[in-house]
Amino acid sequence: MVWELLAIWAVVAAACAWFFYDEPSEQRRKLNERAREFATTPAWVDRRPSPSPPATVTPSDPQRLTEVQRKFLEEIRRQGAESQPVR
């Protein structure tokens with residue numbers, strides 16, 4: 001009976017020692033794998049297509065202006081006319 005209890009405790013102690021020894025080495029191994037992958041893979045590259053430049057809309061092309069743009073230009077013209085001195 002005593003030998004059986006001693007054997008059980010020996011197995012428990014061996015399992016605990018194995019766990020506490022193996023766990024940090026497993027974490028180091030995983031960290032080394034991640035570091036190796038980070039060091040050897042190419043850097044991340046943004047492969048999205050570059051945005052095209054916005055189309056230039058001039059006031060002389062009113063059919064391409066939106067309603068908001070037309071109102072903005074009218075307001076700018078109105079304020080410009082008000083601010084110019086009369087000669």
Side-chain angles (χ1 to χ4, degrees):
M1 174 92 174
V2 173
W3 291 105
E4 292 170 349
L5 289 175
L6 186 61
I8 290 171
W9 281 109
V11 169
V12 170
C16 288
W18 186 12
F19 174 78
F20 288 117
Y21 172 75
D22 191 45
E23 190 65 21
S25 64
E26 181 70 18
Q27 289 177 355
R28 281 192 306 272
R29 185 187 61 77
K30 287 180 183 177
L31 182 61
N32 284 338
E33 286 177 7
R34 289 174 49 203
R36 186 177 302 110
E37 181 179 343
F38 179 76
T40 57
T41 56
W44 181 79
V45 179
D46 185 12
R47 290 189 171 87
R48 291 181 289 173
S50 60
S52 59
T56 56
V57 178
T58 60
S60 62
D61 193 10
Q63 68 271 13
R64 294 185 61 195
L65 295 176
T66 64
E67 182 180 349
V68 172
Q69 290 171 330
R70 269 189 237 104
K71 287 181 180 180
F72 176 75
L73 289 174
E74 288 171 11
E75 183 66 22
I76 294 294
R77 286 185 190 123
R78 186 183 65 75
Q79 288 179 4
E82 291 175 358
S83 66
Q84 292 180 357
V86 178
R87 294 184 191 177

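No hydrogens, no waters, no symmetry mates; every other heavy atom, side chains included, goes into these values. Worth saying up front: this structure is predicted, and the values here are computed from it rather than measured.
- In this structure, Arg77 CZ and Phe72 CZ are separated by 11.0 Å, a value rounded to the nearest 0.5 Å.
- Counting non-hydrogen atoms of neighbouring residues, nucleotides and ligands closer than 6.0 angstrom, the CZ atom of Arg34 reaches no more than 12 such neighbours.
- Under the 4.0 Å criterion applied to side-chain N and carboxylate O atoms, Glu67 and Lys71 are assigned as salt-bridge partners.
- One finds no salt bridge joining Arg36 and Glu33 here, because no Lys/Arg side-chain nitrogen approaches an Asp/Glu carboxylate oxygen to under 4.0 Å.
- A distance of 10.0 Å separates CG of Asp22 from CD of Gln27, quoted to the nearest 0.5 Å.
- Counted within 6.0 Å of CD on Glu26, heavy atoms from surrounding residues, nucleotides or ligands total more than 12; the atom is thus considered enclosed.
- Distance check: Arg29 CZ to Leu31 CG gives 11.0 Å after rounding to the nearest 0.5 Å.
- Using a 4.5 Å heavy-atom threshold, the side chains of Arg78 and Glu74 count as separate.
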